[in-house]
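Just so you know, ligand 1 is whichever comes first in the structure, and atom 1 is the first atom listed for that ligand.
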Amino acid sequence: MTRLTYPNYSNHCGWNAMLPKRRPRPALSRDTTVDFAVIGAGYTGLAIARRLHELNPDARIAIVEATTIGEGSSARNSGFTSAHVLPRTASMEMAEKARIQSAFFSEAFEQLKRIIRDNNIDCDLHQVGSIRAAATEAGEASLRRVVEVAVANQIPHTVLGREDISRRIGSPYYRFGIHIQDTWLLQPAALIRGLADALPASIEFYEETPVKRLRREDGWLLETSGGVLRCKSLALANNGFIPKFGYLKSRMATIYTYAAVTEAIGDDRLGEIGEAESWGLLPPHRLGTTLRRIGRNRVMVRSLYSLESEIEEKRATRELRRRFERRWPKLSDVQFEYLWGGTTAFTMNGSPWWGKLDQGLYASGGCNGSGITKGTMLGGHLAELMLGKGDHDRMMKSMGGASWIAPEPLRSIGFQIVSALESRKAGLEM
Ligand SMILES: Cc1cc2nc3c(=O)[nH]c(=O)nc-3n(C[C@H](O)[C@H](O)[C@H](O)COP(=O)(O)OP(=O)(O)OC[C@H]3O[C@@H](n4cnc5c(N)ncnc54)[C@H](O)[C@@H]3O)c2cc1C
């Protein structure tokens, strides 16, 4: 089990590798004192810093990031986002909660779109919608409940049969689906790079600066190899790595999930991946496989989970290939050009942990698999909480709070058992 307080991935992020090289900002190289510090430059951390600056432009604010922008989970994800909430395991009881959450998500998503537009961030944001598709009878039953919630919450959608899905993605693998119009796809590494570049110049930003230890004295001390950063108020936005500082250990676990992107598929075979030039597909089961057609001629496959550490590349490749070939047997000679793992902060009930941990210490984590808009929303609210502003009760009531997770060794044993049982349930959705 890793004892690092920060991620140390074995592979580079494929989305980042597809972009031109960028020069990271310098690491922290001397002792420094600021008013506010933020650990982690993902969607959450950047939203915290932006909002702190907006509300308190004279404050000295610093962000410290262990890796470089474009190599964290905010770049390693599948790039689906939306302004509404439509849970995977929807029930009518959840519809009302989802409606309230959607109001907060909408606000955050509008803010993201505004920053993208105002700063000409070229992140390929496009509203192509998402296909939620089921390959199994159980998956179809679950999606039919999602349709009921979509109807109740007036979320525009179209119900799809096997042939409709097959036409769109080129594979007859799925038996039932829904196309949700209000889903946007994007290039996540380009977005997080753009958001970092769009930060006000007065925000200090240190890349390749892993925080190794936290200490409380008069305020908070962040120990790094280049120096100590002191602050009065600190936000933990390091997501899956918050527990590595000893906080929220019984609320969140670091889970790795994996993605691969194929090499470019020849023009003469593009018909095999459907009529639509861009599409994104989400599974009905949480262990299921996410798929995207990207850059017109490549397919991205995201699936597979591990607890606390990355699995071997060989195994990840084998498992992801199996999922790809099951759907497109005629493309079994197409190789993966990129493969990478990324972390998420997993919470048992899917709710985030958000709030004050201690005097001058705040945290927001546990976006699970949907942090682009959620992290932006929670980060903005956390900055307000740090400044004693705003009323966040309605937002937090609708989001709920992360429930208890068993400690080790029960956690690992539980993970193995639940993974085995859920994998059987997920079956061909994987
Ligand atoms: C493969 C994959 C697919 C996903 N697909 C989607 C999707 O389609 N849509 C979606 O919305 N979400 C998706 N997610 C989830 C999404 O990426 C996360 O919810 C999101 O990144 C959370 O943002 P964050 O800012 O809270 O945390 P992160 O993005 O994890 O940012 C935390 C940052 O903290 C840094 N850090 C950690 N420890 C330290 C330390 N000690 N010192 C300094 N810095 C530190 C990390 O390097 C990291 O950059 C996916 C995730 C993965 C892994």
Any donor-acceptor pair under 3.5 Å linking the side-chain atoms of [Y] with those of [X]?
X: Q181; Y: T183; value: no
X: D124; Y: Q187; value: no
X: S303; Y: R323; value: yes
X: S364; Y: T44; value: no
X: K212; Y: S225; value: yes
X: S142; Y: H285; value: no
X: T347; Y: N368; value: yes

For ligand 1, does [X] get within less than 4.0 Å through its side chain, its backbone, both, or neither, judged by non-hydrogen atoms?
X: N238; value: both
X: F241; value: side chain
X: T290; value: neither
X: E65; value: both
X: N77; value: both

Provide, to 0.1 Å, the distance between [atom] and the closest protein heavy atom, together with that atom's residue and name.
atom: atom 13 (C) of ligand 1; answer: G369 O, 3.1 Å
atom: atom 44 (N) of ligand 1; answer: A66 N, 3.0 Å
atom: atom 34 (O) of ligand 1; answer: G40 CA, 3.2 Å
atom: atom 24 (P) of ligand 1; answer: T44 OG1, 3.4 Å
atom: atom 5 (N) of ligand 1; answer: S78 N, 3.0 Å
atom: atom 42 (N) of ligand 1; answer: V211 N, 2.9 Å

For [atom], which of [options] has the closest heavy atom?
atom: atom 41 (N) of ligand 1; options: L282, I255, T5, V38; answer: T5
atom: atom 29 (O) of ligand 1; options: G42, S370, S74; answer: S74
atom: atom 22 (C) of ligand 1; options: T254, T224, N239; answer: N239
atom: atom 32 (C) of ligand 1; options: G375, A345, A237; answer: A237

Suppose I only count heavy atoms of [X] and a 4.0 Å limit; which atoms of ligand 1 are within that range?
X: Y6; answer: 38 (N), 39 (C), 40 (C), 41 (N)
X: G72; answer: 49 (O)
X: F245; answer: 41 (N)
X: V64; answer: 43 (C), 44 (N)
X: P7; answer: 37 (C), 38 (N), 46 (C), 47 (O)
X: T67; answer: 47 (O)
X: I372; answer: 9 (N), 10 (C), 11 (O)
X: Y43; answer: 25 (O)

Purely on distance, is any nitrogen or oxygen of [X] under 3.5 Å from one on ligand 1?
X: S364; result: no
X: N368; result: yes
X: G371; result: yes
X: T81; result: no
X: G342; result: no
X: G79; result: yes
X: R76; result: no
X: T257; result: no
X: F80; result: yes
X: S73; result: yes

Discussion item. Just to verify, which of R327, R168, E140, R132 counts as forming a side chain to side chain donor-acceptor pair (under 3.5 Å) with Y174?
Written reply: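 With Y174 as partner, side chain to side chain donor-acceptor pair (under 3.5 Å) holds for just one option, R327.
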
Fill in: Residues H381, F104; criterion ring-ring contact (aromatic ring centres under 6.0 Å, His included); working and verdict
CA-CA 10 Å; H381 279 268; F104 293 104; 5.8 Å; yes

Worksheet item: What's the spacing between I100 CD1 and S398 OG if we round to 0.5 Å?
Response: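 Interatomic distance, I100 CD1 to S398 OG, rounded to 0.5 Å: 6.0 Å.
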
Discussion item. When you measure from the heavy atoms of P210 to every atom of ligand 1, does any distance fall below 4.0 Å?
Written reply: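 The answer is yes: ligand 1 sits under 4.0 Å from a heavy atom of P210.
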
Worksheet item: Within less than 4.0 angstrom of ligand 1, does Y256 place any heavy atom?
Response: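 No, Y256 has no heavy atoms under 4.0 Å from ligand 1.
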
Worksheet item: Under the side-chain hydrogen bond (donor to acceptor under 3.5 Å, both in side chains) test, which residues partner N153, sequence neighbours left out?
Response: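 Per chain and number, N153 pairs via side-chain hydrogen bond (donor to acceptor under 3.5 Å, both in side chains) with R99.
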
Worksheet item: Is I131 close to H179 at the side-chain level, that is, under 4.5 Å between some pair of heavy atoms?
Response: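 Answer yes - side chains close enough.
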
Worksheet item: Within 45° of the axis and under 6.0 Å from the centre of the six-membered ring of Y258, does NZ or CZ of R302 qualify?
Response: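 Checked: cation-pi criterion not met.
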
Worksheet item: Quick one: is the NZ or CZ of R25 closer than 6.0 Å to the six-membered ring centre of Y206, and within 45° of its axis?
Response: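 Pair R25/Y206 does not count as cation-pi.
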
Worksheet entry | Any donor-acceptor N/O pair, H53 side chain to R51 backbone, under 3.5 Å |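 No: the side chain of H53 does not pair with the backbone of R51.
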
Practice prompt. Might you work through the ring-ring contact (aromatic ring centres under 6.0 Å, His included) test for Y362 and W354, ending with a clear yes or no?
Written response: CA-CA 8 Å; Y362 300 81; W354 179 96; 8.8 Å; no

Fill in: Which atom of H84 lies closest to which atom of F105, heavy atoms considered
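Minimum heavy-atom contact is O-CD2, 4.4 Å.
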
Item to complete: Would you please test Y9 and T343 for side chain to side chain donor-acceptor pair (under 3.5 Å) and show each step?
Response: CA-CA 9 Å; Y9 296 109; T343 53; 3.0 Å; yes

Practice prompt. Output, in order, the C-alpha distance, side-chain angles, deciding distance and verdict of salt bridge (Lys or Arg N to Asp or Glu O under 4.0 Å) for E223 and R213.
Written response: CA-CA 5 Å; E223 293 180 7; R213 211 157 76 93; 3.3 Å; yes

Discussion item. Assess the residue pair E310 and S10 against the criterion (side chain to side chain donor-acceptor pair (under 3.5 Å)); give the C-alpha distance rounded to whole Å, side-chain angles, the decisive distance to 0.1 Å, and a yes or no.
Written reply: CA-CA 8 Å; E310 279 185 287; S10 38; 3.1 Å; yes

